[in-house]
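To start, the structure under review is shown below, and the notes come after it.
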Amino acid sequence: QLDVAFNNSSGMRGAQLMKAALLQYPLLQPLIYVLKQFILQRDLNEVYKGGLGSYALNLLCVSFMQFRRMESCQMNSLNLGCLLMEFFELFGVRMNYMERGISLRDGGKFMCKEVLRNKIDDSTGRVSILCLEDPVSSNTDVGRSSYAMFEVKRAFQHAFSRLKALVLHSKQ
């Protein structure tokens with residue numbers, strides 16, 4: 001699938017940001033591919049249906065990699081399966097979408113949603129479930145149209161539970 005944006009001057013800067021992130025995190029691209037297929041199979045990939053669009057998913061993946069770096073994990077010793085499980089755990093189990101927003105600026109951070117929302121220009125007055133600051137346009141909430149984010153979260157949570165059970169079963 002291909003995403004096309006019209007009348008969006010930040011699109012090129014977003015593409016440059018992703019190119020730099022792909023160079024910085026070698027496992028980012030395969031992680032994104034697997035997650036895109038995961039949400040596509042569950043029909044959670046269309047923004048107009050409240051799902052998670054490609055750009056938002058890409059930013060979530062970059063945020064995840066930033067978070068892993070802050071946790072001082074060994075990036076080179078990991079495999080895609082470990083990363084996938086940790087992604088599902090973070091965004092399916094640990095992330096409190098009601099209280100936290102996500103910013104990729106300054107190395108990335110999870111922050112108080114209200115503080116982040118005050119920085120974002122949202123004339124609708126609607127509170128988004130996924131508050132995800134666009135790193136190339138700080139007054140834009142990339143997640144504001146993902147009103148089905150709790151369904152996405154449930155899918156991530158279910159996947160984490162299933163994978164964890166399989167891993168624990170294989171160790172017995």
Side-chain angles (χ1 to χ4, degrees), residues 1-5 8 10-11 13-15 17-18 21-22 25 28-29 31-71 83-163:
Q1 287 192 347
L2 176 68
D3 289 341
V4 178
N8 185 348
S10 64
R13 290 181 302 189
L17 175 121
M18 285 309 300
L22 291 169
Y25 305 110
L28 180 61
Q29 188 169 26
L31 179 66
I32 289 171
Y33 286 158
V34 169
L35 289 167
K36 280 187 178 195
Q37 186 64 34
F38 178 85
I39 64 172
L40 172 71
Q41 288 178 329
R42 287 150 184 81
D43 200 26
L44 295 170
N45 63 315
E46 299 292 348
V47 176
Y48 70 90
K49 293 180 182 178
L52 196 58
S54 290
Y55 187 52
L57 180 62
N58 290 350
L59 295 181
L60 275 183
C61 289
V62 173
S63 170
F64 168 70
M65 294 302 227
Q66 290 175 325
F67 176 74
R68 290 200 87 265
R69 190 181 67 234
M70 285 186 280
E71 297 274 303
L83 283 179
L84 186 63
M85 278 191 68
E86 290 178 15
F87 180 93
F88 286 148
E89 181 181 20
L90 178 61
F91 291 111
V93 178
R94 294 174 60 189
M95 178 67 176
N96 183 342
Y97 293 93
M98 300 309 292
E99 295 181 9
R100 295 281 174 220
I102 302 167
S103 174
L104 276 69
R105 294 178 178 278
D106 303 322
K109 57 189 161 265
F110 298 102
M111 56 193 297
C112 175
K113 193 175 198 174
E114 286 307 310
V115 171
L116 187 56
R117 280 190 43 77
N118 288 336
K119 292 173 49 178
I120 295 171
D121 177 30
D122 185 9
S123 58
T124 66
R126 182 179 67 196
V127 177
S128 61
I129 298 168
L130 173 63
C131 188
L132 179 58
E133 179 187 34
D134 188 342
V136 298
S137 177
S138 64
N139 63 341
T140 303
D141 180 359
V142 176
R144 80 171 161 255
S145 296
S146 297
Y147 59 84
M149 190 59 202
F150 283 126
E151 290 178 46
V152 175
K153 178 184 179 1
R154 271 193 298 275
F156 290 165
Q157 183 179 28
H158 180 72
F160 174 71
S161 297
R162 296 287 305 200
L163 289 171

With sequence neighbours excluded, residues passing side chain to side chain contact (heavy atoms under 4.5 Å, CB included) with Ala155: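 Counting only residues at least two positions away or on another chain, Ala155 forms a side chain to side chain contact (heavy atoms under 4.5 Å, CB included) with Phe38, Arg42, Leu44.
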
All side-chain hydrogen bond (donor to acceptor under 3.5 Å, both in side chains) counterparts of Gln37, not counting sequence neighbours: none

Residues which pass side-chain hydrogen bond (donor to acceptor under 3.5 Å, both in side chains) with Ser161, listed by chain and number, not counting sequence neighbours: none

Working for side chain to side chain contact (heavy atoms under 4.5 Å, CB included), residues Leu90 and Phe160: CA-CA 9 Å; Leu90 178 61; Phe160 174 71; over 6 Å; no

Full working for side chain to side chain contact (heavy atoms under 4.5 Å, CB included) between Arg94 and Phe67: CA-CA 13 Å; Arg94 294 174 60 189; Phe67 176 74; 3.8 Å; yes

A side-chain contact here means heavy atoms from C-beta on lying under 4.5 Å apart; do [X] and [Y] qualify?
{"X": "Leu35", "Y": "Leu84", "result": "yes"}
{"X": "Met95", "Y": "Lys153", "result": "no"}
{"X": "Gln66", "Y": "Tyr25", "result": "yes"}
{"X": "Leu57", "Y": "Lys36", "result": "yes"}
{"X": "Leu83", "Y": "Phe64", "result": "yes"}
{"X": "Leu116", "Y": "Leu132", "result": "no"}
{"X": "Ile32", "Y": "Met18", "result": "yes"}

Could you give the distance from [atom1] ([X]) to [atom2] ([Y]), rounded to the nearest 0.5 Å?
{"X": "Lys113", "Y": "Ile129", "atom1": "NZ", "atom2": "CD1", "result": "7.0 Å"}
{"X": "Leu31", "Y": "Cys61", "atom1": "CG", "atom2": "SG", "result": "4.5 Å"}
{"X": "Gln29", "Y": "Asn58", "atom1": "CD", "atom2": "CG", "result": "10.0 Å"}

Which residues share a ring pair (Phe, Tyr, Trp, His ring centres under 6.0 Å) with Phe91, sequence neighbours left out: Phe87

Working for side chain to side chain contact (heavy atoms under 4.5 Å, CB included), residues Val47 and Leu52: CA-CA 6 Å; Val47 176; Leu52 196 58; over 6 Å; no

Nearest non-hydrogen partners of Leu60 and Met149, listed with the distance: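 Looks like CD1-CE, 4.4 Å.
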
Nearest heavy atoms of Val136 and Arg13, plus distance in Å: O-NH2, 3.4 Å

Residue pair Gln157, Phe88: steps toward the side chain to side chain contact (heavy atoms under 4.5 Å, CB included) verdict: CA-CA 6 Å; Gln157 183 179 28; Phe88 286 148; over 6 Å; no

Ser146 (side chain) donor-acceptor with Gly51 (main chain) under 3.5 angstrom: yes

Side-chain donor or acceptor of Ser128 paired with backbone N/O of Leu130 under 3.5 Å: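 Yes; judged by distance alone, with no hydrogens or angles, the pair exists.
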
For a quick test of your reading: what N or O donor-acceptor pairs under 3.5 Å do the side chains of residues 98-107 make, sequence neighbours left out?
unit_1: Ser103; atom_1: OG; unit_2: Arg105; atom_2: N; d: 3.3
unit_1: Ser103; atom_1: OG; unit_2: Glu133; atom_2: OE1; d: 2.5
unit_1: Arg105; atom_1: NE; unit_2: Glu133; atom_2: OE2; d: 3.3
unit_1: Arg105; atom_1: NH2; unit_2: Pro135; atom_2: O; d: 3.1

